[in-house]
Amino acid sequence: MAAPVNIIVGSHVWVEDPALAWVDGEVFKISGEEVHVHTTNGKTAVANISKVFPKDTEAPPGGVDDMTKLSYLHEPGVLHNLAMRYELNEIYTYTGNILIAINPFQRLPHLYDTHMMEQYKGAGFGELSPHVFAVADVAYKAMMNEGKSNSILVSGESGAGKTETTKMLMRYLAYLGGRSGVEGRTVEQQVLESNPVLEAFGNAKTVRNNNSSRFGKFVEIQFDKNGRISGAAVRTYLLERSRVCQISNPERNYHCFYLLCAAPPEVREKFKLGDPKSFHYLNQSSCYALDGVDDAQEYLATIRAMDIVGISEEEQEAIFCVVAAILHLGNIEFAKGADVDSSVIKDEKSRFHLNMTAELLKCDIKSLENALIKRVMVTPEEIITRTLDPVAAVGSRDALAKTIYSRLFDWLVDKINFSIGQDPNSKQLIGVLDIYGFESFKLNSFEQFCINFTNEKLQQHFNQHVFKMEQEEYTKEEINWSYIEFVDNQDVLDLIEKKPGGIIALLDEACMFPKSTHETFAQKLFQTFKNNKRFIKPKLSRTSFTISHYAGEVTYLADLFLDKNKDYVVAEHQDLLTASKCSFVASLFPPPAEESSKSSKFSSIGSRFKLQLQSLMETLNSTEPHYIRCVKPNNVLKPAIFENASIIQQLRCGGVLEAIRISCAGYPTRRTFYEFLHRFGVLAPEILAGNHDDKVACQMILDKMGLKGYQIGKTKIFLRAGQMAELDARRAEVLGNAARTIQRQIRTYIARKEFIELRKAAIMLQSHWRGILACKLYEQLRREAAALKIQKNFRRHIARESYLTVRQSAITLQTGLRAMTARNEFRFRKQTKAAIIIQAAFRCHVAYSYYKSLQKAALTTQCGWRRRVARRELRKLKMAARETGALKEAKDKLEKRVEELTWRLQLEKRLRTDLEEEKAQEIAKLHDALHAVQIQVEEANARVIKEQEAARKAIEEAPPVIKETPVIVEDIEKVNSLAAEVENLKASLLSETKAAEEARNACTDAETRNAELVKKLEESERKVDQLQESVQRLEEKLANSESEIQVLRQQSLAISPTGKSLTARQRTMILPRTPENGNVLNGETKVPSDTTLALSNVREPESEEKPQKYLNEKQQDLLIKCISQNLGFSGSKPIAACVVYKCLLHWRSFEVERTTVFDRIIQTIASAIEVQDNNDVLAYWLSNSSTLLLLLQHTLKASGAASLTPQRRRATSASLFGRMSQGLRASPQSAGLSFLSGRGLSRLDDLRQVEAKYPALLFKQQLTAFLEKIYGMIRDNLKKEISPLLGLCIQVPRTSRASLVKGRSQSNAVAQQALIAHWQSIVKSLDRYLKIMKSNHVPPFLVRKVFTQIFSFINVQLFNSLLLRRECCSFSNGEYVKAGLAELEQWCSEATEEYAGSAWDELKHIRQAVGFLVIHQKPKKSLNEITKELCPVLSIQQLYRISTMYWDDKYGTHSVSSDVIAKMRVMMTEDSNNAVSSSFLLDDDSSIPFTVDDISKSLQQVDITDIDPLSLIRENSGFGFLLPRSE
């Protein structure tokens, strides 16, 4: 990773920063070897040029998913790429085939659901976005293809997410090769369920993680030859045994100790446990509880996990007895004894803990005490028992505790493996290694030494694998790599493990000498390794030493190395626990196979650690490795915090930077030919202008630049370290020259533009000044013209005034003369009118006086005569009253009263009628009067006009001498009264007009209300019709449900023994049809009861005829033979369906209890559609089955309650009328049978419903199932046909876009045509299927459903690919997909809505996503605009995914702003908290999207008349009913 030398002023570079590790900036000064940089955080940095690295300014804003694609593969480039991806929640990144996983510290369920597993299954490595599933898939495919076991090594420091990654790996492997395990639980579930147990006993809190695994776990998932999981095993390595006795602050011991101390009170009382602070093994640290963790709840969870794993309650109790015994054992303290170098139990408290330990382990108290403070030495002469001093006794106590805990942990692992179940016959496996990562703290002890030794071993394995991958890459590209140096760390491993001079060997040697101390051990190390470059002696410490590991230097404190390394296998301890009365404890310590002596045998933890590590490496070397490096982004364990310094350290510890160093030793920069030409084509535009091959063009550019040492492979260019920076410098120079040219042109343009604007301003100024002068001249001329005009007007005014005076005098004279004449005329008319009125009044008085005298005489005469007649009547009535009595008189009165009331009623009616007539007449009179007044007014106006004309003529003819005539004005009051009368008449006319207008308005309102009422009435009638239809459909559904219930009941009866006896007792009698009885009436079979059996010799007269039960076999054969051929269509009606329907209806097959014709028809359809690829046949039978099902739906009905007991017979009347009514009432179809056989059926409306029996209903269900099956086959065939085309459409942006290089217009046009060809192929497939279904007259309803589901499938495939492939989520790909969608839209419009339906709407997700990709100025769009206007259908998870993955490969524009991204992230967090599904992938719906009712509603009526059958049927007399009949 040496820095390039071509750093110039203006270069963008990375420099080291103490806080941020690396910070970017721009070089503004270079002084010799020093570079001065303005950093982006506003500071100025000075660094040596060798420690400055170039920055790729053209790197995509979202980073790259594989860091080998980085232009500059160095430490700051890697860190920046990871930071950009982590900011977008892209937690996975590749480095070659190594996966780097950064812990997000939040739930991201959408990354791990089943949809995501489906996408990664079978996908090539690197084809989709980086993911842990991709690594698992590669391992699985390698195992299946090569037959070799694979391993996945998951490493990282505490809290980096190793365990969660391991869980995800096992989940995916179980998804690929899962099978049900014991009790319905899969192997993967059982392995995961064992985690809580192992975590309780093998995990502890460390400085950096609250739940750190203190052991290595290698999970072997075993597979059979078919790739199915057949078993699993958990292998544990390198348990940190010393933690049981020694912990440092602020860490904790293993979780199980704290869980037991937080157990329920009865459990603690049983084990005599209390506060953790009271136990020596726990109170060495001040940390007893974890934040957010309830140890009491965790205890119960561990109990449940033990139950799940299969640990019995007795074993659980024994396990916790052992754990409690270890705690009590740690509280046993020793004091000096009476003898020299002897020890005794210190006090009563220690004695209590000794007794509790013995009680819990169920061993002898005295034996336990002797085992702790005494040793037996066997010599050839005698057996010597010696006592231990207090320090040695404490060492013996701790050794016993570590041994017991280690054996307990091993027993738990064996129990878990037994519970999971291993496959001894498995030949291949995938192992998942979860082991602690490199550790470097302020104070590092023996535990860190062992852990880092392990990681050095794994790093060597990792380096070998990386170098091997590099070799494979170079070999595949056929380039020379022989001179590349391999980076190895064998010298560090020799320093640690080499015999006899390694650190572990020296440590074991020191432990075997009683007088050795940590100081002597440290001095021994300093003397032995003083010349080793990997071993460093600190200056200020006598007992510390430093080792230069691959991840950096680590200083270890040797103070406790000797104590922690000692691991005596004490024979007394073995004998003590083997003799335990507790079978569980005794099983942990089985007796040794050969007991050579009773002496203590020395064993060191370091040696055992080394042996276990050797075993692990042998296992790994036998498998094909895959690597996952887990990274913890921050130490506060919170999301969205990226600590650069910590991550750089972890990348060093995880070997990622070491892998980069290996890559840099060879060719760190690799570019495909297209990428190289796209980036560096500007260096030689003349080469791009020519039609050279990409490889040749690249070679020519490199030769022109004069580079040496590069390699050109088959598909890529391999550049040495620094060459990329050199090319970028040349490119920057070319681009700088181009920029200067552009700037020069722009400046010329700006200067020219300013000159033109100045000249334009001068011309404008001149024109304005000339305008002012012209305005002044114009004003002077205008004033002169105004003076002339004023003089003229004044003279005209004087002449006018003189004329008006003379005219006014003449008018006054004329007015006086006319007024005098008018008054004379008025006076004469008034006198004449008064005389007439007086004469009329007098004549009226004379006539009225004569009339009154005649009237009075007539009345007097009439009264006298009536009085005389009335007296006569009175006498008669009195005589009659005396004879008839009072009753008759009352009756008469009542009758008269009734007559009077009747008369009054009639009178009232007549009066009302008269009143209305009078009112009408009055209105008519008013109208007439109004009309007359109008006429008079018109006449008066006309007279006035005439008088004016006459007066004008008189004035003209009058002599010039005018005499003054006095004018007498009188009767002015009468004129005023006449004028008032005229005004009153006008007012009454106006009121009458208003009344008439109101009447007309009322009439109009009434008509409007009537129209609304008519509309409401029509709507009510329509709703009533709809309700009737819905009721009818509900009745049909109810009937179908009853029929299905009947089918199920009969099936259950047929299965049960009682059902068999019932069917055996059925009796059916069949009567032939005769001309006398006409049509066969509907009858029912009969179940003989006890009564009928007793009277079996008595026959009832048969009044009904039974339906035909057995058809003519020849007719059936002929029908089956006929429909097995393609009969074609009559018009748009399928002949086969109509023929089958007519035959079944004629033969009355729907009404019989047993028949085989239905089964034979179904078998014929099944055999016809066996060839699933023949879409013509499938479409033909889809049309026939849908038509036949429609006919059955309108014909068959369930027979209701009668059908539930089909053997019961109804009693019928023996009379003719009874037979007729019975037949018409119970069998409506029989009445129309002669009509069917004679004239045939005309429409569906004419189909009469048949009470169907069980076989007919079963046939209908089978036909429905076949319809759905055929529909699904056609849909799936079309899906299969377009799936590879869709795959090509998705792959094309990556594979074919390489030819779209600038400067190649001819090849661009060809490439564009090739790009769109795949979409056109999809359109051709859609066209072909549409033509097939049209030619077979498939109902448009089903065609619409097919294409709707197909477009939904296209939407799902394209949209999911867009979200899973970052290279597809680009601007140019959006344009490409948009062009393809335009082809589909054109197809929908040409197919018309009848067949395409709402198919175009199904593409709404991909349409809106593509619209978002190609829209410009994305950073200016707000979240509201995006969610409400641009992409209302897409979820916030989908929008976030598109926004973060988007990259513009055409114009280099950016995605949406960081504020919008932050808001999206907040909304996603809220959704996850609200349990909203966070999956961003779509589901493909493969269900059947319709029901039988939908078909019957949507299909048109089928006219089955005039269907011309096949000649084979036409010639058979038995099928005469099929022939069309004349009228």
Side-chain angles (χ1 to χ4, degrees), residues 1026 1029-1030 1032-1041 1043-1044 1132-1134 1136-1137 1141 1162 1165-1166 1169 1172 1175 1177-1198 1244 1247 1257-1280 1282 1326 1329-1330 1332-1356 1388 1391-1404 1482-1502:
Q1026 290 175 356
E1029 289 178 3
S1030 61
Q1032 185 177 359
R1033 286 199 297 270
L1034 288 173
E1035 289 176 350
E1036 290 176 1
K1037 288 183 180 178
L1038 181 61
N1040 290 337
S1041 302
S1043 65
E1044 290 172 1
S1132 62
K1133 301 182 288 292
Y1141 176 74
I1162 291 295
I1165 298 175
I1169 63 173
Q1172 299 184 2
N1175 294 309
V1177 174
L1178 293 176
Y1180 170 76
W1181 279 109
L1182 181 63
S1183 178
N1184 278 280
S1185 57
S1186 60
T1187 304
L1188 184 55
L1189 186 62
L1190 175 67
L1191 293 169
L1192 295 181
Q1193 181 75 1
H1194 285 82
T1195 302
L1196 302 185
K1197 72 171 183 178
L1244 277 176
L1247 299 180
L1257 298 173
L1258 186 60
F1259 172 63
K1260 181 183 171 185
Q1261 292 179 352
Q1262 290 173 331
L1263 190 63
T1264 304
F1266 267 96
L1267 173 67
E1268 294 176 352
K1269 181 180 179 182
I1270 296 169
Y1271 170 87
M1273 290 165 69
I1274 292 176
R1275 179 198 62 201
D1276 294 341
N1277 285 346
L1278 182 51
K1279 280 186 180 180
K1280 289 177 186 175
I1282 68 172
L1326 297 174
Y1329 272 77
L1330 179 58
I1332 289 172
M1333 288 190 278
K1334 275 186 177 180
S1335 63
N1336 287 280
H1337 298 285
V1338 175
F1341 170 75
L1342 295 178
V1343 179
R1344 288 196 298 271
K1345 291 294 183 183
V1346 169
F1347 287 118
T1348 299
Q1349 285 199 302
I1350 290 300
F1351 273 64
S1352 175
F1353 171 74
I1354 294 173
N1355 180 62
V1356 169
C1388 287
T1392 71
E1393 190 174 352
E1394 181 182 5
Y1395 294 103
S1398 61
W1400 176 244
D1401 295 335
E1402 295 297 322
L1403 299 176
K1404 55 193 174 190
L1482 300 178
D1483 292 329
D1484 181 27
D1485 183 13
S1486 297
S1487 61
I1488 301 299
F1490 56 83
T1491 62
V1492 179
D1493 289 337
D1494 295 335
I1495 295 176
S1496 63
K1497 289 178 194 174
S1498 61
L1499 296 190
Q1500 298 177 351
Q1501 296 179 351
V1502 180

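In this text the structure is predicted, and so the values were computed from the model without any measurement. Numbering of residues begins at 1 and proceeds along the displayed sequence.
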Colleague: Are the side chains of Thr1195 and Tyr1141 in contact, using a 4.5 Å heavy-atom criterion?
Modeller: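 Yes - at least one pair of side-chain heavy atoms lies under 4.5 Å apart.
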Colleague: Nearest 0.5 Å, what's the OG-CG distance between Ser1352 and Asp1483?
Modeller: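 Ser1352 OG to Asp1483 CG: 10.0 Å, rounded to 0.5 Å.
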Colleague: Would you mind writing out the side-chain donor-acceptor pairs for residues 1335-1343 within the sub-3.5 Å range, not counting sequence neighbours?
Modeller:
| from | atom 1 | to | atom 2 | distance (Å) |
| --- | --- | --- | --- | --- |
| Ser1335 | OG | Lys1331 | O | 3.1 |
| Ser1335 | OG | Ile1332 | O | 2.8 |
| Asn1336 | ND2 | Ile1332 | O | 2.8 |
| His1337 | NE2 | Gly1131 | O | 3.4 |

Colleague: Quick one: salt bridge (Lys or Arg N to Asp or Glu O under 4.0 Å) partners of Lys1345, sequence neighbours excluded?
Modeller: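 With sequence neighbours excluded, Lys1345 shows a salt bridge (Lys or Arg N to Asp or Glu O under 4.0 Å) to no residue whatsoever.
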Colleague: Of all heavy-atom pairs between Met1273 and Ile1169, which one has the smallest distance, and what is that distance?
Modeller: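 The pair with the smallest heavy-atom distance is CE-O, 3.5 Å.
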Colleague: Can you measure from CE (Met1333) to CG (Leu1278) and round to the nearest 0.5 angstrom?
Modeller: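 It comes to 7.0 Å.
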Colleague: Distance check, rounded to the nearest 0.5 Å: Leu1189 atom CG versus Leu1267 atom CG?
Modeller: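 Leu1189 atom CG to Leu1267 atom CG measures 6.0 Å (nearest 0.5 Å).
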Colleague: Indicate whether the side chain of Thr1491 and that of Asp1494 have a donor and an acceptor atom separated by less than 3.5 Å.
Modeller: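 Yes.
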Colleague: Quick check: closest heavy atoms across Tyr1329 and Ile1274, and the distance to 0.1 Å?
Modeller: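 It is CE2-O, 3.9 Å.
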Colleague: Check this for me: Lys1404, atom NZ, are more than 12 non-hydrogen atoms of other residues, nucleotides or ligands nearer than 6.0 Å?
Modeller: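 Result for NZ/Lys1404: open.
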Colleague: Please find the pair of heavy atoms, one from Leu1178 and one from Ile1270, that lie closest to each other, and give the distance.
Modeller: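 It is O-CG2, 3.2 Å.
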Colleague: What's the spacing between Phe1259 CZ and Ile1162 CD1 if we round to 0.5 Å?
Modeller: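 Here the rounded value is 5.0 Å.
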Colleague: Which heavy atom in Thr1348 sits nearest to a heavy atom in Ala1396, and how many Å separate them?
Modeller: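 Between these two residues, the closest heavy atoms are OG1-O, 4.3 Å.
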Colleague: If you compare all heavy atoms of Asn1184 against all heavy atoms of Ala1137, which two are closest, and at what distance to 0.1 Å?
Modeller: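 So the two residues come closest at OD1-N, 3.0 Å.
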Colleague: For Ile1488 and Arg1275, work out which heavy atoms get closest and say how close.
Modeller: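 That closest heavy-atom pairing would be CD1-NH1, 4.4 Å.
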Colleague: Hey, does the side chain of Gln1193 reach the backbone of Lys1260 with a donor-acceptor pair shorter than 3.5 angstrom?
Modeller: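 Flag not set: sc Gln1193 to bb Lys1260 has no pair under 3.5 Å.
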Colleague: Can you list everything that forms a ring pair (Phe, Tyr, Trp, His ring centres under 6.0 Å) with Phe1353? Sequence neighbours excluded, please.
Modeller: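 Ring pair (Phe, Tyr, Trp, His ring centres under 6.0 Å) check on Phe1353 returns nothing, list empty.
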Colleague: With heavy-atom distances below 4.5 Å as the criterion, would you say the side chains of Leu1263 and Ile1165 are in contact?
Modeller: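 The answer is yes, as the side chains (C-beta and beyond) meet within the 4.5 Å cut-off.
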Colleague: For the CD1 atom of Ile1350 and the CD1 atom of Ile1282, what is their distance to the nearest 0.5 Å?
Modeller: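 Separation between the atoms: 5.0 Å.
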Colleague: Using 0.5 Å steps for rounding, measure from the CG atom of Leu1190 to the OG atom of Ser1185.
Modeller: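 Result: 11.5 Å between the selected atoms.
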